[in-house]
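The analysis underlying the following values was restricted to heavy atoms, covering all of them including side chains, and did not include hydrogens, waters or symmetry mates. Sequence lines set the chain letters: A, B, ... in the order given, protein chains first and strands last, and positions in each chain run from 1.
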Amino acid sequence: MNTVRVRFAPSPTGYLHVGGARTALFNWLFARQHKGVFVLRIEDTDLARSTQEATQAILDALEYLGLDWDEGPKKEGDYGPYYQSKRLELYREYAQRLVEQGRAYRCYCPPEELEQRREEQIKRGEPTHYDRSCLHLSAEEEARYQAEGRIPVLRFRSLDEGVTEVDDLIRGSVRFDNVAQVDDFVIMKSDGMPTYNFAVVVDDALMRITHVIRGEDHLSNTPKQIQIYEALGFSVPKFAHIPMILGPDRALLSKRHGATSVTQFKKDGYLSTAMVNYLALLGWSYDDAQTLFSVPELVEKFSLEKVSKNPAVFDIQKLEWMNGVYIRELSLEELFDEVLPYWQEAGFVPAEISPELKDYCLRILQELQPRFKLLAEAVDLARYFFTDDYQYNPEAVEQVLTKPQVEEILEYAAEAVASVPELDEKHLKPLFKEGLAKFGVKMGGLIQPLRVAVTGTNVSPGIYEVLALVGRDRALQRIERTLKMLKERS
RNA sequence: GCCCCCAUCGUCUAGCGGCCUAGGACAUCGCCCUCUCACGGCGAAGACACCGGUUCAAAUCCGGUUGGGGGUGCCA
């Protein structure tokens with residue numbers, strides 16, 4: 001029984017995109033389920049666009065998602081190195097082998113000229129193919145080109161007949177006509193770096209990858225890669241092309257659709273559990289009933305057979321809902337750990353938290369827990385618990401504090417708050433109720449003004465809980481302050 | 001242009017010839033709970049793209065059309 005070996009091979013040209021994260025997740029789940037190996041390989045052959053920062057960002061994002069790799073950067077295995085830029089000798093060696101076999105040749109055609117020929121082919125309704133003008137160069141011609149300072153690329157000599165079949169685990173058999181679909185593509189660039197289609201084959205073969213799970217955008221290039229596998233005598237891995245992720249406009253998901261970087265989702269306060277659960281459901285499903293899956297459950301239940309074939313629109317609303325679900329599942333201690341960085345950044349709490357302060361935070365979180373979907377929201381929701389320095393919400397003031405008798409009502413409420421032995425529902429509610437008849441209002445008519453006075457807004461946890469947390473002194477001060485503000489307004 | 005993939009509620013999907021008057025989840029809209037907002041509960045609305053076949057029977061199989069996506073790069 002061969003062990004399953006899969007890989008995620010991002011190119012470090014930017015942050016980890018949710019599409020890439022989903023691909024990484026599917027590979028990881030497949031590896032873990034089969035007790036296989038998950039390899040991380042950095043495809044940094046694009047010298048112009050690859051950066052060290054991007055590599056780090058991708059590593060961090062994977063760590064946040066909990067997708068640990070068995071071989072890769074900082075985790076050397078038997079098939080390294082795991083950066084393509086450190087594997088150049090390998091590509092040159094195999095390229096040379098192809099040249100010797102007559103399956104690769106140098107091409108000196110200038111890019112502009114190639115572009116022109118391509119346009120002409122389109123005009124004539126033909127597929128766009130390299131015309132092989134450098135296939136049979138004489139030694140004299142080569143010498144002349146080199147004297148001109150032209151630097152060649154290496155092209156793969158593709159098959160002249162037949163069909164290349166991709167046996168895809170998700171899509172079944174997909175057939176490509178060799179002549180019409182696979183032209184003599186470049187395998188080594190003039191800067192000496194391999195192209196994607198070549199490097200990916202050499203690496204996947206040498207790293208003994210058994211299953212290539214990747215985005216559907218790679219399906220059309222697969223016959224090219226298979227021809228290389230075969231030319232080099234490598235065994236061809238199994239392929240599984242997973243559907244693309246689209247934006248709401250059904251175009252490929254990209255930055256212009258908003259946040260697509262995993263790092264950004266983390267900053268906004270998405271829990272990795274929610275992120276992973278949601279991503280797993282983009283293109284995969286288990287049955288007609290279950291939508292919530294823990295990571296161990298995903299490892300157990302995931303299967304390529306149940307990956308869908310059609311592209312999926314990224315639905316941020318569903319992700320948000322799911323994040324709310326996971327926030328509510330957290331214990332208060334866990335929620336505290338998640339929210340703490342946000343509160344610290346907002347200056348609500350210091351770096352060092354006393355036990356008393358932590359207890360206060362936990363009590364706040366108990367009230368807030370069912371009320372937010374993103375961790376970042378915990379800042380605005382909790383502001384009035386930590387500081388008196390907040391603005392009154394204008395709509396709240398307009399809606400609630402302009403009603404007749406508000407000042408009297410607030411004064412009444414203040415007396416109640418001041419007189420009660422304990423700031424809780426048991427003691428306050430009877431007093432509040434007594435006042436209702438006097439002012440001819442219902443409970444909301446008293447509580448809403450009080451809420452705005454004490455929190456600055458008309459949306460908060462239950463008033464008794466808020467009062468208990470804010471405390472008698474602060475509550476009375478704030479009512480005083482509100483009364484003063486109202487007098488100044490009129 | 002050429003080639004490949006795909007097609008069930010707005011979205012993610014279940015469905016692999018009869019169990020479907022098509023199920024679930026998000027979103028939407030009602031109602032309940034209620035001091036506001038959430039949470040929670042109940043309910044409603046909402047889809048098999050179209051046209052031909054095959055079959056006793058099709059969302060499910062086949063072909064076409066249309067639509068969407070991808071590839072076609074010295075990007076990956």
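- Here B:A14 presents its C1' atom at 15 Å from NZ of A:K301, a figure rounded to the nearest Å.
- For the pair A:K429 and A:F432, the cation-pi criterion (under 6.0 Å, within 45° of the ring axis) is not fulfilled.
- A:Y286 and A:F293 have perpendicular rings, their planes meeting at more than 60° on a 0 to 90° scale where under 30° would count as parallel.
- Legend: residues meeting salt bridge (Lys or Arg N to Asp or Glu O under 4.0 Å) with A:E126, ordered by chain and number and at least two apart, are A:R124.
- Under the rule for a salt bridge (Lys or Arg N to Asp or Glu O under 4.0 Å), A:R474 has no partner lying at least two apart in sequence or in another chain.
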Donor-acceptor contacts, no H, no angles, side chain residues 307-316 of chain A, under 3.5 Å, sequence neighbours left out:
residue	atom	partner	partner atom	Å
A:S308	OG	A:N310	N	3.3
A:S308	OG	A:N310	O	3.4
A:S308	OG	A:N310	OD1	2.8
A:D315	OD1	A:Q317	N	3.2

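- The side-chain hydrogen bond (donor to acceptor under 3.5 Å, both in side chains) contacts involving residues 176-185 of chain A comprise A:Y105-A:D184, A:R132-A:D184, A:S158-A:D184, A:T164-A:N178, A:N178-A:Q227, where partners must be two or more places apart or lie in separate chains.
- A:P461 comes within 4.0 angstrom of a base, heavy atoms only.
- The pair A:R214-A:D217 does not count as a salt bridge, with every side-chain nitrogen at least 4.0 angstrom from each carboxylate oxygen.
- Residue order along RNA chain B, read from the 5' end via each residue's closest nucleotide, puts A:G125 first among A:V325 and A:G125.
- Under 3.5 Å, the side chain of A:R371 and the base of B:C37 form at least one donor-acceptor pair of N or O atoms.
- Rounded to whole Å, the C1' atom of B:G17 lies 8 Å from the corresponding atom of B:C61.
- Contact annotation for A:L281: backbone-only contact, meaning every heavy-atom pair under 4.0 Å involves sugar-phosphate atoms and none involves a base.
- Across all strands shown, A:A180 has no heavy atoms under 4.0 Å from either base or sugar-phosphate atoms.
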Contact letters for nucleotides 64-76 of chain B, in which S counts primed atoms plus P, OP1 and OP2 and B counts the base, heavy atoms under 4.0 Å: ----SBBSBSBBB
Produce a footprint string for nucleotides 16-27 of chain B: one letter per nucleotide, 5' end first; B if the base is under 4.0 Å from any protein heavy atom, S if only the sugar-phosphate is, - if neither. -------BSBBS
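- Going from the C1' atom of B:G10 to that of B:A47 covers 10 Å, rounded to whole Å.
- Remark: B:U34 base-pairs with no nucleotide; criterion is Watson-Crick or G-U wobble with both hydrogen-bond distances under 3.5 Å.
- Going from the C1' atom of B:C48 to that of B:C16 covers 15 Å, rounded to whole Å.
- Although no hydrogens or angles enter the test, the distance criterion places a donor-acceptor pair under 3.5 Å between the side chain of A:D287 and the main chain of A:Q290.
- Mapping A:W284 and A:R171 onto RNA chain B by nearest heavy atom places A:R171 at the nucleotide closer to the 5' end.
- For the C1' atoms, the distance linking B:C19 with B:A25 amounts to 23 Å, nearest Å.
- A:E465 has its CD atom 13 Å from the C1' atom of B:A38, to the nearest Å.
- Contacts between residues 449-458 of chain A and RNA chain B, defined by a heavy-atom separation under 4.0 Å, are made by A:R451, A:N458.
- Between A:I316 atom CD1 and B:C12 atom P the separation is 15 Å, expressed in whole Å.
- By the salt bridge (Lys or Arg N to Asp or Glu O under 4.0 Å) test, A:R118 pairs with A:E115, sequence neighbours left out.
- In this structure, A:F314 reaches neither bases nor backbone, as no heavy-atom distance under 4.0 Å exists between it and the strands shown.
- Side chain of A:H129 to backbone of A:A180: a donor-acceptor contact under 3.5 angstrom is found.
- B:U36 sits 26 Å from B:A44 when the C1' atoms are compared, rounded to a whole Å.
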Between the protein and nucleotides 29-34 of chain B, list the N/O to N/O atom pairs that are separated by less than 3.5 angstrom.
none

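- No donor-acceptor pair closer than 3.5 Å links the side chain of A:Q225 to the backbone N or O of A:T222.
- The distance from atom CZ of A:R383 to atom C1' of B:C37 is 18 Å, rounded to the nearest whole Å.
- Among residues at least two apart or in separate chains, there is no side-chain hydrogen bond (donor to acceptor under 3.5 Å, both in side chains) pair with a member in residues 361-371 of chain A.
- Under the salt bridge (Lys or Arg N to Asp or Glu O under 4.0 Å) criterion, A:D131 pairs with A:R117, sequence neighbours left out.
- Ion pair A:D268/A:K373 not flagged as a salt bridge, since none of the NZ, NE, NH1 or NH2 atoms sits closer than 4.0 Å to an Asp/Glu carboxylate oxygen.
- Nucleotide B:U36 holds its C1' atom 14 Å from the CG atom of A:L368, rounded to whole Å.
- Applying the salt bridge (Lys or Arg N to Asp or Glu O under 4.0 Å) test to residues at least two apart or on different chains, the pairs with a partner in residues 194-204 of chain A are A:R7-A:D204, A:R41-A:D203, A:R41-A:D204, A:R87-A:D203.
- Counting to the nearest Å, the C1' atom of B:U11 and the CE atom of A:M322 are 13 Å from each other.
- Residue A:S285 places its side chain closer to B:A14 than to any other of B:C3, B:A14, B:U36.
- Considering every non-hydrogen atom in both A:G215 and A:T23, the closest pair reads N-OG1, 4.4 Å.
- For A:R175, no side-chain nitrogen or oxygen approaches OP1 or OP2 of B:C3 to under 4.0 Å.
- Among the heavy atoms of the strands lying under 4.0 Å from A:G283 are primed sugar atoms or P, OP1, OP2 only; no base atom is included.
- Using a 4.0 Å heavy-atom distance criterion, A:K306 is classed as a sugar-phosphate-only contact.
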